[in-house]
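Below is one structure, written out as structure tokens, with a few remarks after it.
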Amino acid sequence: MATENIFAEILGRVRRAAEALAAAGALPAGLDQSRVTVEPPRDPSHGDMATNAAMVLAKDAGKKPRELAEAIAETLRADDLVSSVEVAGPGFINLTLKPAAWLDALRTAVRTATRYGAGDVGHDTPVNIEYVSANPTGPLHVGHCRGAVFGDALANLLAFAGFKVTREYYINDAGAQVDVLARSAYLRYREALGEDIGEIPEGLYPGDYLKPVGAALAAQHGSALRDQPEANWLPIIRATAIDMMMALIREDLAALGIVHESFFSERSLHEARNGAPSKIAETIAFLERKGLLYRGTLPPPKGKVMEDWEPRELLLFRATEFGDDVDRPILKSDGSPAYITPDIAYHRDKFERGFKIMIDVLGADHAGYLKRLNAAFEAVSEGAATLDVKVCQLVRFLREGQPTRMSKRAGEIVTVRQVVDEVGRDAVRFMMLYRKNDAVLDFDLAKVIEQSRDNPVFYVQYGHARGQSVFRNAREIFPDLPQNNAELADNAELHRLSDPNELALMRRIAMYPRVIEAAAQAHEPHRIAFYLYDLASEFHALWTLGNAAPHLRFIIQDDRQMTAARLVLVKGVVTVLASGLALLGVQAPDEMR
RNA sequence: GGUCCCGUAGCUCAGCCGGAUAGAGCAGCGGUUUCCUAAACCGAAGGUCACAGGUUCGAGUCCUGUCGGGACCGCCA
């Protein structure tokens, strides 16, 4: 049986061909084959696959690329999966596989079902992916939407590719903003006790979502907190408010289909743990030991007038040693940790928890933070782990091409929940993933619910629904067809699928494992969305061919065997569409009526 | 002033960590429904890959610079 990833299989055979030449003395031993790739050629007339092996190896081998290509090609011609080999251009080796290879790939896809494409490139490597991490001061804002969906899809993808994934939410529950939250909640608490609090003062959070917090506080504490000094009530109210805001955020995330398995509290980094110093103190000591801290004065910030700026001596981290533009303060002048300090401790903690790969999904407004974060990470992980910071650019929300103002006063959309309620989870998720994360994205609220070809979400989902409908119809006509897909695939006469469009579809299906692998390695879930669109497109095309050419329809009334074979092909399409959509967190509907 | 991102067809964007004649969708033009879902499909047209250098067998892709658009700059968060 063919291997699941046919491209990986052929790559292995190409490499073995080169090794065989080396063993025979035709090439130097120990050639570096890491840059050898096997890809589908842009131009289908070049065959099924092309390899750059000869061009990549030529220099080290001391041979002309085309000459080397001929030698490798000769070996490949004897391969049982290969029907023809040609050397072309500067030294490409173009391979055309025997149809049986593609039939096998299809059969494998259908047999493997939901695990088709699931890989082991991850080798169970522990990956921590931190995303959303919105401040626990209110419901999820639309600005968080993209990073939330992106992080979630990436996590799904990495898990599918064989990484051991932890989805984590970093709760910023220690900064000044949660004190503001507490003071805002305190007002709502007094309100709940019957007091007229009037307008919410400038600088506090005015949102209605704090009213339930006030009510809960009143129910729990009565008036006991009201007349106490702030220092007494603030920690209590803060804790309750944060808990309730996090509950709110979890609900918003659930509306997007997102569940984190780990919530990490920033506050916990500040707290001493039964006698032991806090994580932050520990981290500062660690940096100190490494000689990465010193007392010094920073130059004034450029390009921005800061009237209150004055030079002060501070404890600084040598971020410039790791590529940052300036050294960064670790402690503020009042001795408390600067913003980045808990973040350094946090990443160190993740490192100590054993994660080898860490991914931070941040918003565009944090782009300027990236260098210092990378610098800090390098210092703390000592080269034994990697950090990939994915910055999600802004989403411009439009309505019929016109920018939507996100002002709450105007009653326009501000929360994730409202967007999901208006256009649905599937549209939100797919559209957020139908773009590279580092490009600005336009999201037209009117267009994404349009059920037209303008809308890729529906296009792909429709493909899945169409496939399912073929099955419904086929089972009515041929009730005795095997219910079990593996059985169907094993007994079908797949060799009867010989139309070029059918073979093209098989090739596309066979690419899926490769797409997963590449997308996982590049941390780019959008590649799946584009692949699914292409797959759906080829399926729709084949479908429509049946209009003019009835012999190409999936269901052939008087030919049970042909129908069975075609059903396997449809099953392959449906399997991959469902699998890919699941990774994106989008429904794969059985019908679209 | 500085950092980061973007610049590819009229519009919105892909382009698989350097490969062959740069691809989709939309808009516009021309076609396809007695037929498994036409929410679909087919065809023609559309390009100085912002610009200029560099690296090499080979650059939309990597490096440097310039221009244009966006995000940002702190002992804030």
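Lettering follows sequence order; numbering is per chain, from 1.
Counting to the nearest Å, the C1' atom of B/rC5 and the CZ atom of A/R146 are 11 Å from each other. The separation between A/I330 atom CD1 and B/rG74 atom P is 14 Å, rounded to whole Å. When rounded to the nearest whole Å, the span between CG of A/N437 and P of B/rG70 equals 21 Å. Per the geometry, NZ belonging to A/K436 stands 10 Å off P belonging to B/rC13, to the nearest Å. Atom pair A/D442:CG and B/rC26:C1' shows a separation of 14 Å (rounding to whole Å applied). Here the P atom of nucleotide B/rA71 and the CG atom of A/L441 are 15 Å apart, to the nearest Å. The CG atom of A/N52 sits 13 Å away from the C1' atom of B/rC17 (whole-angstrom rounding). Protein atom CG of A/D559 is 15 Å distant from nucleotide atom C1' of B/rC36, rounded to whole Å.
Only the C1' atoms considered, B/rA50 is 16 Å distant from B/rC5, to the nearest whole Å. Atom name C1', nucleotides B/rU8 and B/rG69: the rounded distance is 15 Å, in whole Å. Here the separation of B/rG23 from B/rA45, taken at their C1' atoms, is 15 Å to the nearest Å. Distance noted for atom P between B/rG60 and B/rG54: 15 Å (whole Å). As rounded to the nearest Å, B/rA40 and B/rG25 have C1' atoms that lie 14 Å from one another. Only the C1' atoms considered, B/rC57 is 22 Å distant from B/rC49, to the nearest whole Å. Using atom C1' as the reference point in both B/rC17 and B/rU21, the two lie 24 Å apart (nearest Å). To the nearest whole angstrom, the two C1' atoms, one in B/rA39 and one in B/rA20, are 38 Å apart.
A side-chain N or O of A/E266 and one of A/N172 form a donor-acceptor pair less than 3.5 Å apart. For the 3.5 Å distance criterion, the side chains of A/D360 and A/H366 fail to qualify, holding no donor opposite an acceptor. With hydrogens and angles left out, the side-chain atoms of A/T320 and A/D327 include a donor and acceptor closer than 3.5 Å.
Taking only side-chain nitrogens and oxygens, A/K59 comes nearer than 4.0 Å to OP1 or OP2 of B/rC57. In this structure, A/S469 does not reach the B/rC36 phosphate: none of its side-chain N or O atoms is under 4.0 Å from OP1 or OP2. Of the side-chain N and O atoms in A/N547, none sit less than 4.0 angstrom from OP1 or OP2 of B/rU37. At B/rA38, one or more side-chain N or O atoms of A/W543 fall inside 4.0 Å of OP1 or OP2 (strictly under the cut-off). Close to B/rG15, at under 4.0 Å from its OP1 or OP2, lies a side-chain N or O of A/H526. Neither OP1 nor OP2 of B/rC57 sits under 4.0 Å from any side-chain N or O of A/K64. Between A/R328 and the phosphate of B/rC73, there is no side-chain N or O to OP1/OP2 separation shorter than 4.0 Å.
Contact annotation for A/R42: base contact, defined as any heavy-atom pair under 4.0 Å involving a base atom. At a threshold of 4.0 angstrom between heavy atoms, the contacts of A/P90 include nucleobase atoms, whether or not backbone atoms are also involved. At the heavy-atom level, A/D325 lies under 4.0 Å from the strands shown only through sugar-phosphate atoms. Residue A/A522 is out of contact with every strand shown, counting any heavy-atom pair closer than 4.0 Å. Among the heavy atoms of the strands, none lies under 4.0 Å from A/D334. Within the 4.0 angstrom heavy-atom criterion, no nucleotide atom of any strand lies near A/A474. Residue contacts shown for A/R553 include a base, since a base heavy atom lies under 4.0 Å away. Across all strands shown, A/N94 has heavy atoms under 4.0 Å from base atoms, whether or not it also approaches the sugar-phosphate. Within 4.0 Å of A/L370, counting heavy atoms only, lies no atom of the nucleic acid at all. A/E591 comes within 4.0 angstrom of a nucleotide base, judged by non-hydrogen atoms across all strands. As judged by a 4.0 angstrom heavy-atom cut-off over every strand, A/A50 is placed among the base-contacting residues. Residue contacts for A/P40: at a heavy-atom cut-off of 4.0 Å it reaches a base atom on one of the strands shown.
Between the CG atom in A/D60 and the CG atom in A/D32 there is a gap of 7.0 Å [rounded to 0.5 Å]. Rounding to the nearest 0.5 Å places CG of A/L441 at 12.5 Å from NZ of A/K436.
When every heavy atom of A/G203 is checked against every heavy atom of A/V180, the shortest pair comes out as O-CG1, 3.3 Å.
Across all strands shown, B/rU55 forms no Watson-Crick or G-U wobble pair with both key distances under 3.5 Å. In this structure, B/rA20 makes no Watson-Crick or G-U wobble pair, since no nucleotide meets both defining distances under 3.5 angstrom. With a 3.5 Å ceiling on both atom-pair distances, B/rU48 lacks any Watson-Crick or G-U wobble partner. The nucleotide B/rU3 finds its pairing partner in B/rA71, both defining distances of the Watson-Crick or G-U wobble pair being shorter than 3.5 Å. Pairing partner, B/rC11: B/rG25, with both Watson-Crick or wobble hydrogen-bond distances short of 3.5 Å.
Mapping A/I93 and A/L545 onto RNA chain B by nearest heavy atom places A/I93 at the nucleotide closer to the 5' end. Nearer the 5' end of RNA chain B, as judged by each residue's closest nucleotide, is the contact made by A/V440, out of A/G546 and A/V440.
At a cut-off of 3.5 angstrom, counting only N and O atoms as typed in the model, there is no donor on one side facing an acceptor on the other between the side-chain of A/R466 and the base of B/rC36. Residue-to-nucleotide contacts include a donor-acceptor pair under 3.5 Å from the side chain of A/S333 to the base of B/rC75. Evaluation of atom-type donor-acceptor distances gives a pair under 3.5 Å for the side chain of A/R514 against the base of B/rC16. If you check distances only, the side chain of A/R435 never reaches the base of B/rC13 with a donor-acceptor pair under 3.5 Å.
In this structure, the nucleotide among B/rC76, B/rC36, B/rU37 sitting nearest to the side chain of A/Y462 is B/rU37. For A/Y339, whose side chain is taken as the heavy atoms from C-beta onward, the closest listed nucleotide among B/rC76, B/rU37, B/rC16 is B/rC76. Nearest to the side-chain atoms of A/K371 among the listed nucleotides B/rU3, B/rC75, B/rA20 stands B/rU3.
For B/rU33, the base adopts the syn conformation, since its glycosidic angle falls within 90 degrees of zero.
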- Task: Run the numbers on A/Y434 and A/F530 for ring-ring contact (aromatic ring centres under 6.0 Å, His included), then give the verdict.
- Result: CA-CA 7 Å; A/Y434 199 59; A/F530 281 94; 4.4 Å; yes

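By the 6.0 Å contact criterion, CD on A/Q587 is open, its count of non-hydrogen atoms from other residues, nucleotides or ligands being 12 or less.
Taking the six-membered ring for Trp and thresholds of 30 and 60 degrees, A/F264 and A/Y346 have ring planes inclined between 30 and 60 degrees apart.
Checked against the 6.0 Å centroid threshold, A/F554 and A/F539 count as a close aromatic pair.
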